[in-house]
Chemist: 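Here it is, the structure in full.
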Amino acid sequence: MNAGMAAPLLAVDGLTVRFKLPQGWVTAVDKVAFSIQPGEIVGIVGESGSGKSQILLSIMGLLASNGRASGSVRFRGNEILNRPADELDGIRGSTLSMIFQDPMTSLNPYMRVSQQLTEVLTTHQGMSETQAFNTATAMLDRVRIPDARRRIGLYPHEFSGGMRQRVMIAMALLCRPALLLADEPTTALDVTVQAQILELIAELGRDLGTSVAIVTHDLGVIARLCDRVIVLYGGRIMEEGKVDDIFHDTRHPYTGGLLAATPRLDAATHGELVTIPGQPRAAMGDLPGCPFAPRCALKADICTAEMPPIVTGPSGHRLACHLREVRS
Amino acid sequence: MSETLLKVDHLKVHFPMRATHLFGGQGAPVRAVDGVSLDLKAGETLGIVGESGCGKTTLGRAILRLIEPTDGRVLWMGQDLLGLGAGHLREARRHMQIIFQDPLASLDPRMSVETIIGKPLRIFHPELSRKQVRERVLETMQQVGLAPSMANRFPHEFSGGQCQRIGIARAIILKPKLIVCDEPVSALDVSIQAQIINLLMQIQRDLGLSLLFISHNLAVVRHISHRVMVLYLGKVMEIADRDDLYARPLHPYTEALISAVPIADPRTERGRERLLLEGDLPSPINPPSGCRFQSRCPRATEICGQAEPPLVGYGKNHLAACHHIQVQD
């Protein structure tokens, strides 16, 4: 994207995800392009139907069976989109791993945590059982599960929600992946536990040099954790940039609307919140124009006629809007 | 805003547990709500916050007697609801409504929107003609921002935000005095959440309603409430006027909750001091002795394990229950 930057760890280009439904094909992600640098924490923010989770799933090769992805996803220079499962299994869970919103449905309820964790290491790194057990215990310690040596022998249901999410993070980080994909990892947790988990993700990213792509609907989570943020609407990137540029030099009317609609903990407001009229539209694709146009206060004729191109500013701020210009 | 509408006095809701041993008889009960007192004036919004399992939903339902309280009093305009028989309770309940977190699940899928919204009216005003009911339904739909032309549709045809509007219409059609809002915006997208918050605040102004606003979202609660109560494992930790509570939290749990919420502003976030709590909420079956918060509290000392701190006043309308409150003036 920007000349002079190191080779990206992940380069997504023209990524389109379509699903076959009874009424025909619908587009969930529409020609999305972005990249992630080594060591970077990138947030992907959007409302329901923005396609944010589908981007992560297609990178991992985990789309639902009625989904088709096209375009390109290069991980460390190698194309990984739509590769056969046996080929992907060489990187999934080792250099590229993912955590989900609900740890209970992602952990096997019939297997002890020890078994689920050591399996990763014996499979990907050829460790012996004892070696794997010790490494796994050390990782549980690392994600601050108290009394790890005893608790590694428990089943997932014997952990609380926050502890289960820690188990999943430990599992994802066992092979020290280069990139961790996190799909709403704290949405189901209480704020005090969320704060612990966010701190943990930031710390582990720093210490292990792992890049993180985190999907969330919470702009606060982005502001606390991320270096860069991608704002999605209706399957398209609306705006992207460094967190400071996006929050303090907001250019896209959708980003501005989201920020204005979020009540702030540190502001004594009591009046009417600024709202975005209408409701989030699931991406349908194939329509001309900007997907946000029907709800946009600035809407002009051109907005419903053609999709604005993404324009990149001098410091890498990217914007797709006919009516606004990037400055940073 | 002077008349006290609702007064809750040492309300307790204990759920019996099954025996843990084969011959053990009954186990210790879960003390979901354990001696909560509050009052609510006409036109006032009291926010109730706390983590999952703190008893906020149980409290809201026990006030309406949707869950039968174990002990205490609920005075509704001076009358104790807990002693009322079915007939009188029903009469009192026409002034008290509730809206739920999951808007779709709280609407009967086989009923049209008109039937759903009109039902309370048909129950409490059987004298009204079909036409009169229909008129009131359409009027109420307009009030909550639903097009009257959608009256014959069914819940599954509506989005989450619209379903919540249907729930609100059903709650206000009898022109109640109190609505218990149980996480009404938690399942909604940010842009829709703001629409529903605005709607609730506008309806409150128009009808002079009182709201008990239960939520885990501290920012939303700050925006909508006049006063805020912080619950932890069934006990009140702190209660104060909203700006006072957020600017000057006295209880370490309130402080930790506020510090945990990320603010959508990277510069502010970088400058914030973080007070991370250790661990998760303990089990309400076997809460810590003394102060219930002591197992996670950064200020805990010996006394906290021995004696439960009473709820004590610090300045106007500000109460907190902690042995180690540091008041700076």
Side-chain angles (χ1 to χ4, degrees), chain A residues 45-50 144 146 159-163 186 188-196 198-199 217-227 229 242-248 254 257-280 295, chain B residues 45 49-54 158-162 185 188-199 201-202 216-226 242-243 246-247 253 256-270 272 274-283 296:
Chain A
V45 69
E47 297 179 283
S48 336
S50 64
R144 279 187 230 104
F159 290 82
S160 69
M163 286 295 152
T186 60
L189 305 174
D190 277 313
V191 280
T192 58
V193 181
Q194 165 172 285
Q196 298 164 1
L198 293 179
E199 198 82 0
H217 64 277
D218 187 336
L219 288 163
V221 169
I222 301 272
R224 180 169 288 187
L225 186 67
C226 299
D227 304 311
V229 52
K242 299 187 194 111
V243 282
D244 282 78
D245 289 343
I246 298 297
F247 284 81
H248 298 295
Y254 176 59
L258 272 186
L259 281 167
T262 310
R264 276 181 67 146
L265 184 78
D266 58 342
T269 57
H270 205 40
E272 199 159 313
L273 289 170
V274 179
T275 63
I276 305 173
Q279 42 199 296
R295 300 177 73 192
Chain B
T45 301
V49 299
E51 294 172 279
S52 31
C54 73
F158 292 84
S159 68
Q162 286 172 318
V185 297
L188 305 175
D189 273 315
V190 174
S191 65
I192 305 303
Q193 176 180 296
Q195 295 173 6
I196 298 296
I197 292 170
N198 284 347
L199 175 64
M201 291 176 78
Q202 184 205 324
H216 67 277
N217 186 327
L218 275 89
V220 168
V221 165
R222 173 166 199 173
H223 184 81
I224 203 168
S225 309
H226 299 106
R242 62 158 190 152
D243 288 339
Y246 285 82
Y253 180 57
L257 271 185
I258 291 173
S259 145
V261 179
I263 295 174
D265 181 334
R267 285 180 198 152
T268 308
E269 273 298 315
R270 266 175 238 133
R272 282 177 89 196
R274 213 86 88 235
L275 194 121
L276 279 187
L277 286 185
E278 293 286 317
D280 301 336
L281 201 71
S283 158
R296 295 169 83 195

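Letters A, B, ... are given to chains in the order of the sequence lines, protein chains preceding strands, and every chain is numbered from 1.
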Chemist: Non-hydrogen atoms of chain A under 4.5 Å away: do they reach the side chain of B:Ile197, the backbone, both or neither?
Modeler: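 Interface part for B:Ile197: side chain.
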Chemist: For A:Gln196, is it the side chain, the backbone, both, or neither that has a heavy atom closer than 4.5 Å to a heavy atom of chain B?
Modeler: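 Both parts, backbone and side chain.
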Chemist: I need the minimum non-hydrogen distance between B:Arg296 and A:Thr192, along with the two atoms involved.
Modeler: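 The answer is NH2-OG1, 3.2 Å.
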Chemist: Where the side chain of B:His223 meets the backbone of A:Gly271, is there a donor-acceptor pair that is under 3.5 Å apart?
Modeler: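 Checking the backbone N and O of A:Gly271 against the side chain of B:His223, a donor-acceptor pair under 3.5 Å is found.
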Chemist: Looking at CG of A:Leu273 and CE of B:Met201, how far apart are the two atoms once the value is rounded to the nearest 0.5 Å?
Modeler: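 With rounding to 0.5 Å, CG (A:Leu273) is 7.5 Å from CE (B:Met201).
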Chemist: In terms of heavy-atom proximity below 4.5 Å to chain A, should B:Gln162 be classed as side chain, backbone, both, or neither?
Modeler: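 For B:Gln162, side-chain heavy atoms alone lie under 4.5 Å from chain A.
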Chemist: With no hydrogens and no angle check, is any side-chain donor or acceptor of B:Glu51 less than 3.5 Å from a backbone partner on A:Val191?
Modeler: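 No: the side chain of B:Glu51 does not pair with the backbone of A:Val191.
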Chemist: Sequence neighbours excluded, which residues qualify as side chain to side chain contact (heavy atoms under 4.5 Å, CB included) partners of A:Glu272?
Modeler: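 With neighbours one apart ignored, the set is B:Asn198.
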Chemist: Between A:Gln279 and B:Ser159 (side chain of the first, backbone of the second, donor and acceptor by atom type, cut-off under 3.5 Å), is there such a pair?
Modeler: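 Checking the backbone N and O of B:Ser159 against the side chain of A:Gln279, no donor-acceptor pair under 3.5 Å is found.
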Chemist: What distance separates B:Leu199 CG from A:Thr275 OG1, expressed to the nearest 0.5 Å?
Modeler: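 So the CG of B:Leu199 and the OG1 of A:Thr275 are separated by 11.0 Å.
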Chemist: Out of B:Gln202, B:Arg242, B:Arg272, B:Arg270, return the one with the most heavy atom pairs under 4.5 angstrom to chain A.
Modeler: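 Between B:Gln202, B:Arg242, B:Arg272, B:Arg270, the count favours B:Arg242.
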Chemist: Side chain, backbone, both or neither: which part of A:Arg295 has an atom under 4.5 Å from a heavy atom of chain B?
Modeler: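 Contact with chain B involves the side chain of A:Arg295 alone.
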Chemist: Strictly by salt bridge (Lys or Arg N to Asp or Glu O under 4.0 Å), give each pair with a member in residues 260-269 of chain A just once, sequence neighbours left out.
Modeler: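 Residue pairs passing salt bridge (Lys or Arg N to Asp or Glu O under 4.0 Å), neighbours aside: A:Arg264-A:Asp266, A:Arg264-B:Asp265.
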Chemist: Roughly how far, to the nearest 0.5 Å, is the CD atom of A:Glu199 from the CZ atom of B:Arg274?
Modeler: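 Going from the CZ atom of B:Arg274 to the CD atom of A:Glu199 covers 5.5 Å.
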Chemist: Is it the side chain or the backbone of B:Ile258 that comes within 4.5 Å of chain A heavy atoms, both, or neither?
Modeler: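 Both parts, backbone and side chain.
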Chemist: What are the two closest non-hydrogen atoms of B:Ala219 and A:Pro263, and how far apart are they?
Modeler: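 In terms of heavy atoms, the two residues are closest at CB-O, 3.3 Å.
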Chemist: Between A:Asp190 and B:Ser52, which heavy-atom pair has the shortest distance, and what is it?
Modeler: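 It is OD2-OG, 2.6 Å.
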Chemist: Can you tell which part of B:Leu276 gets under 4.5 Å to a heavy atom of chain A, answering side chain, backbone, both or neither?
Modeler: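 Contact with chain A is through the side chain of B:Leu276 alone.
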Chemist: Check each atom of A:Pro277 against the heavy atoms of chain B and say whether the ones under 4.5 Å are side chain, backbone, both or neither.
Modeler: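 When you check distances to chain B, only backbone atoms of A:Pro277 fall under 4.5 Å.
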Chemist: Checking B:Thr268 against chain A: side chain, backbone, both or neither under 4.5 Å from a heavy atom?
Modeler: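 For B:Thr268, side-chain heavy atoms alone lie under 4.5 Å from chain A.
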Chemist: How close do A:Ala267 and B:Arg222 get, counting heavy atoms only, and between which atoms?
Modeler: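 A:Ala267 and B:Arg222 have their closest heavy atoms at O-NE, 3.5 Å.
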Chemist: Compare all side-chain heavy atoms of B:Pro266 with those of A:Lys242 and state whether any distance is below 4.5 angstrom.
Modeler: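 A side-chain contact under 4.5 Å is absent here.
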Chemist: What heavy-atom pair brings A:Gly278 and B:Ile192 nearest, and what distance separates the two atoms?
Modeler: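 Nearest pair, atom of A:Gly278 first, then B:Ile192: O-CD1, 3.5 Å.
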Chemist: Could you point out which residue of B:Val220, B:Ile263, B:Val190 forms a side-chain contact (heavy atoms from CB on, under 4.5 Å) with A:Thr262?
Modeler: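 Per the side-chain contact (heavy atoms from CB on, under 4.5 Å) rule, the option paired with A:Thr262 is B:Val190, out of B:Val220, B:Ile263, B:Val190.
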Chemist: For residues B:Pro262 and A:Asp218, report the shortest heavy-atom separation together with the two atoms involved.
Modeler: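 Distance-wise, the nearest heavy atoms are CG-OD2, 4.5 Å.
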Chemist: Heavy-atom distances under 4.5 Å only: say whether A:Leu259 touches chain B with side chain, backbone, both or neither.
Modeler: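 Contact with chain B is through the side chain of A:Leu259 alone.
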